[in-house]
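To find a chain, count down the sequence lines: A is the first, B the second, and so on, and within it residues start at 1. Just so you know, these numbers come straight off a predicted model, no measurement behind them.
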Protein chains: 2
Amino acid sequence: MKNIRPKLIRLFKVGYCTPQIARIAKTINEPSATLHYNIKKLENEGAIKTYKAVFDYEKIDEGFCVYLFIKLTAKAGADPDQIVGELARYEKVDSADIIAGEWDVVLKVRTKNQDEYYDVLKSILTREGIEKSTSVISLKQAKTEFVLL
Amino acid sequence: MKNIRPKLIRLFKVGYCTPQIARIAKTINEPSATLHYNIKKLENEGAIKTYKAVFDYEKIDEGFCVYLFIKLTAKAGADPDQIVGELARYEKVDSADIIAGEWDVVLKVRTKNQDEYYDVLKSILTREGIEKSTSVISLKQAKTEFVLL
DNA sequence: TCAAAAATTGAATTTTATTCAGATAGATAA
DNA sequence: TTATCTATCTGAATAAAATTCAATTTTTGA
């Protein structure tokens with residue numbers, strides 16, 4: 001057994017998919033060549049970043065989802081963009097935003113369970129530049145990435 | 001001019017894409033038939049919900065992104081699942097979660113600008129079952145849907 | 001240890017994306 | 001208005017890719 005599954009999941013999380021022109025052609029009743037032209041245009045403009053899969057995260061061992069709010073230390077020379085850029089690179093971080101208001105950053109973190117979340121949280125909170133945080137657990141997801149669940 | 005662009009965007013937000021087996025085959029050096037078998041298995045298990053596009057939201061007129069926190073009215077007979085299910089169906093709602101803590105629901109909303117967001121907010125807040133809300137604006141996005149920006 | 005089920009694979013087939021050149025529509029400027 | 005340029009559209013040919021299938025190997029469970 002080659003256990004290709006985890007490799008597929010890793011690739012599909014960020015890309016390795018492509019438009020189904022023939023299916024779109026049937027759906028909106030336009031010629032494939034016309035759709036091809038318009039799709040390439042969207043890609044070349046940079047309007048489309050990638051094509052990827054959306055998962056039932058329970059089924060790929062990422063059923064535990066938390067919104068992690070972070071307050072950065074106000075310190076001369078510290079660059080919030082850089083810190084968030086680094087946090088965004090964590091494998092288990094689904095999304096990373098700099099936000100207005102009481103907190104500076106919100107991360108959406110997906111892990112298998114609470115234990116695994118605690119590991120991620122520890123590794124984030126022990127970094128330089130982080131003052132405090134609060135974790136808001138998602139109890140139920142009705143929609144993600146524009147896809148109804 | 002047929003203006004196919006908005007139709008493409010609408011379709012690509014939820015699906016109409018498919019795996020690039022040939023590219024994956026080259027990347028991880030496995031036979032296409034083997035990958036095909038493993039991918040179909042993931043799909044049949046329901047582990048993969050759909051294949052879709054990720055956008056540069058600025059470029060498709062959805063550059064304004066807000067996390068909208070909602071507190072539901074505590075009322076006998078009111079079903080949070082149903083309310084959230086309905087909110088999730090809004091076109092401009094990217095994600096919808098029921099959460100633990102001070103607030104009951106968080107929506108990620110993407111609109112063209114603040115004016116358009118205000119329209120969405122009004123239409124949500126005038127619904128039954130909503131007690132109060134707070135809007136947290138995303139100032140900068142470093143990652144969405146596991147895709148670095 | 002052995003039978004059944006699951007997973008792998010090369011080759012054939014079917015389907016799909018891509019290319020391209022001609023046509024059409026839209027925009028621009030005189 | 002009309003001429004000219006550019007962008008968009010499209011059918012048909014080509015190239016590339018997904019899918020199927022039957023044979024093989026591996027894994028599972030009794």
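Put simply, CG on B/L8 is 13 Å from P on C/dA17, counting in whole angstrom units. The separation between A/M1 atom CE and D/dG29 atom P is 12 Å, rounded to whole Å. The separation between B/R23 atom CZ and D/dA16 atom P is 17 Å, rounded to whole Å. Going from atom CD1 of A/I4 over to atom C1' of D/dT25 covers 14 Å, rounded to whole Å. Between the CD atom of B/E30 and the P atom of D/dT25 there is a distance of 17 Å, rounded to whole Å. Between the CG atom of A/N29 and the C1' atom of D/dC9 there is a distance of 14 Å, given to the nearest Å. Between the P atom of C/dT19 and the CD1 atom of A/I21 lies a distance of 10 Å, rounded to the nearest Å. One atom, CD1 of A/I39, and another, P of C/dT19, lie 13 Å apart when rounded to the nearest Å.
Contact annotation: the side chain of A/E62 never approaches that of A/T111 to less than 4.5 Å [non-hydrogen atoms, C-beta and beyond].
A salt bridge does not link A/K71 with A/E102: every distance from a Lys NZ or Arg NE/NH1/NH2 to an Asp or Glu carboxylate oxygen is 4.0 Å or more. Electrostatic pairing of B/E86 and B/R89 does not count as a salt bridge here, judged by no charged N lying under 4.0 Å from a carboxylate O.
Phosphate contact (OP1/OP2 of D/dT8, side-chain N/O of A/Y37, threshold under 4.0 Å): present. A sub-4.0 Å separation between OP1 or OP2 of C/dT8 and a side-chain N or O of B/N38 is present. An OP1 or OP2 oxygen of D/dT19 is reached within less than 4.0 angstrom by a side-chain nitrogen or oxygen of B/H36. Proximity of A/S32 to the phosphate of C/dA17: no side-chain N or O atom is located under 4.0 Å from OP1 or OP2. Distances shorter than 4.0 Å separate none of the side-chain N or O atoms of A/K2 from OP1 or OP2 on C/dT8.
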Next item on the list: Take A/I99 and A/D104 through the test side chain to side chain contact (heavy atoms under 4.5 Å, CB included) and record every step on the way to the result.
Entry: CA-CA 5 Å; A/I99 53 178; A/D104 297 319; 5.8 Å; no
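A ring-centre distance under 6.0 Å is not found for B/Y51 and B/Y16.
Checking A/L35 against A/T18, the closest nucleotide of DNA chain D that is more toward the 5' end is the one next to A/L35. Sequence order on DNA chain C of the closest nucleotides to A/N3 and A/K26 puts A/N3 first from the 5' end. Between B/P31 and A/K40, the residue anchored closer to the 5' end of DNA chain C is B/P31, taking for each the nucleotide with the nearest heavy atom.
Axis angle across the helix from C/dT1-D/dA30 to C/dA30-D/dT1, with five pairs used at each end and values rounded to 10°: 60°.
Seen from the ring of B/F146, A/K13 counts as a face-on cation partner, given the 6.0 Å and 45° thresholds.
Residue contacts for B/A22: at a heavy-atom cut-off of 4.0 Å it reaches the sugar-phosphate backbone alone, with no base atom in range.
Judged purely by distance below 3.5 Å, without hydrogens or angles, the side chains of A/D97 and B/Y67 pair a donor atom with an acceptor atom.
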